[in-house]
There are 2 protein chains.
Amino acid sequence: MRRNANSSDDSGGDPRSMDDDIVVQGVLTAIGQKRLAPGTKLGEDRLARASGTSRIHVRQALSHLASRHIVVQFPNRGAFVHRPSWKEAQDIFAARRLVEAATTGMAIDRLDARGEALIREHVAREAAHDPTDRPASLALTAEFHILIARLADNSVLFDAVKELTLRTSLAIATFETPGSLDCSPRAHPDIAGLILRRDRAAALAEMNHHIDEIEARLIPLLTKMDDDELTAIFKEIGSAAASGART
Amino acid sequence: MRRNANSSDDSGGDPRSMDDDIVVQGVLTAIGQKRLAPGTKLGEDRLARASGTSRIHVRQALSHLASRHIVVQFPNRGAFVHRPSWKEAQDIFAARRLVEAATTGMAIDRLDARGEALIREHVAREAAHDPTDRPASLALTAEFHILIARLADNSVLFDAVKELTLRTSLAIATFETPGSLDCSPRAHPDIAGLILRRDRAAALAEMNHHIDEIEARLIPLLTKMDDDELTAIFKEIGSAAASGART
DNA sequence: AGTTAATAAATTGGCGCCAATTATGGCGCC
DNA sequence: GGCGCCATAATTGGCGCCAATTTATTAACT
């Protein structure tokens, strides 16, 4: 009997071993629950002790997460939870608008009875869950978007939505304003209803609006500025001073 | 002085060490030159001897390539050059149409003098190259699409185009008809001219048509069928025989 | 007192070895 | 003659150890 690499379909990806998956899922849920802030160092020995596995699995898991842009690895310095720049966060949302508009349309095109049942089941699960539980809300949001992408029946776009969902949670953890809460899952039943009604234009517009709403909750904090932006600013001052001195 | 992980921007990704990159680039160019057919087993010891590096670098490189869907890894069996299914090839092209239409439009929006110079330089390089050199043509095609994606100034879509370009070369290696040759790079000067002229609609249409042309060169060869499709066919025969026997 | 340089501790990177699993060749059996 | 089974060989998976690099600490010096 051959064992499958990933049993649940909403798992992060395709790590080779089972112990790798433990580390990957651990880091992912820790990030999703905001127990691991962006920029945190992920020491190999520490993760190995925490996950109960060996250091080699931790390294493979970190390499896997690095390929998904969840962590960044510096040579001889270790792995850190990736802190996306403001530009990268905007890029992520622009890509989501593009890809998820496509997956929504394709999901409507290929919608059948099984797809309708899956959508209804998810809406029911969202209606029944505790709205004050932030990590659960975030996980349900990700599951909704991934479900739509699965119904689109395109493996490339499905993987893209999975990756963009993860990176979005990193962007939220980096740039979210402390005030706004639980405003996003409210829109899911609306989108689901429009999809079930095969209202293409309205579903696309609502999905775009939903992504815009998530993006609007983020603000560019200057304290979390990226190094590249900092050097760009210094270069800008330099050129401005040069032109000012010339004039 | 801090050394950069990847010096050239068109490299495959972000492998940690320099030796890993040797193996990654070696496998990539071998695939691009059709010296490694899809389905070929990539033994660790063999790759280590061939690349002159150690086995650990080979493993990290294979893990990296597996995360990019270039190779597939089976537990305790090793890594093989990924042989995309016909469905996956169609998915790749559908995703390319979506993403590259977007990158083309964004490249036109943000086009400046530097971008125009890069496009003109690439067109000149394509005009000067030997059209009978298949691997060089394929590499130039990939570089053109990646250049457009870079001008779009969206890191997520840039990475997506890089990955989709690689996967397309795998799809071509798997499904290409032997007859058709060097018909694709002909369209690049046209697309480049339309982009330079800021003709949005025509550029998008031409880019879509160009991708369609590449896809049209592929045919679903039955001999290179995927395992899943094969089992599906056997199941189909089984049910047909059962219903036939009952009737 | 601040800064620089040297030393020590901690962490990552890499290699060799051995165990576990799988592919292969040969043998006996039906 | 074909099929299934077992032993051998080859390959991958994993662990421990040591070297190389970075980081923290301490000391000396201006």
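Everything numeric in this text was worked out from a predicted model, so none of it was measured. Hydrogens, waters and symmetry mates play no part in the numbers below; they use all other heavy atoms, side chains included. To find a chain, count down the sequence lines: A is the first, B the second, and so on, and within it residues start at 1.
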Nucleotide opposite C/dC30 in a Watson-Crick or G-U pair, distances under 3.5 Å
D/dG1

Phosphate OP1/OP2 of D/dG14: any A/Ser54 side-chain N/O under 4.0 Å:
no

With a 4.0 Å cut-off, would you call B/Glu215 and B/Arg97 a salt bridge?
yes

Roughly, in whole Å, what's the span from CZ in A/Phe74 to P in C/dT11?
18 Å

Base D/dG13 to side chain B/Arg55, donor-acceptor N/O within 3.5 Å cut-off
yes

At less than 4.0 Å, is any side-chain N or O atom of B/Arg77 found next to OP1 or OP2 of C/dT21? Yes or no.
no

Rounded to whole Å, the CG-P distance (A/Asp20 to D/dC15) equals 10 Å

To the nearest Å, how far apart are A/Gln60 CD and D/dG13 C1'?
9 Å

Sorted by chain and residue number, the side-chain contact (heavy atoms from CB on, under 4.5 Å) partners of A/Asp133 (sequence neighbours excluded) come out as A/Asp130, A/Pro135, A/Ala136

Return no unless some side-chain N or O of A/His57 is found under 4.0 Å from OP1 or OP2 of D/dC15.
yes

Measure the spacing between OG1 of B/Thr165 and CD of B/Glu143 and express it to the nearest 0.5 Å.
10.5 Å

Which is more 5' along DNA chain D, the nucleotide nearest B/Glu44 or the one nearest A/Ile56? Just name the residue.
B/Glu44

Under a 3.5 Å distance rule, please check whether B/Asp91 uses its side chain to pair with a backbone N or O of A/Val156 as donor and acceptor.
no

Check the distance between D/dT22's P and A/Gln73's CD and give it to me in whole angstrom.
16 Å

In whole Å, I'd like the distance from the CG atom of B/Asp21 to the P atom of C/dG13.
16 Å

Whole-Å distance separating the CG atom of A/Asp45 from the P atom of C/dA10
12 Å

Let me know the distance between CE of A/Met18 and C1' of D/dG13, rounded to the nearest Å.
13 Å

Do any side-chain atoms of residues 41-48 of chain B form donor-acceptor pairs under 3.5 angstrom with protein atoms, and if so which ones, sequence neighbours left out?
from    : atom 1 : to      : atom 2 : distance (Å)
B/Lys41 : NZ     : B/Arg77 : O      : 3.1
B/Glu44 : OE1    : B/Arg55 : NE     : 3.1

Send over the distance from A/Lys41 NZ to C/dA10 C1', rounded to a whole Å.
9 Å

Any side-chain N or O of A/Ser17 below 4.0 angstrom from OP1/OP2 of D/dG14?
yes

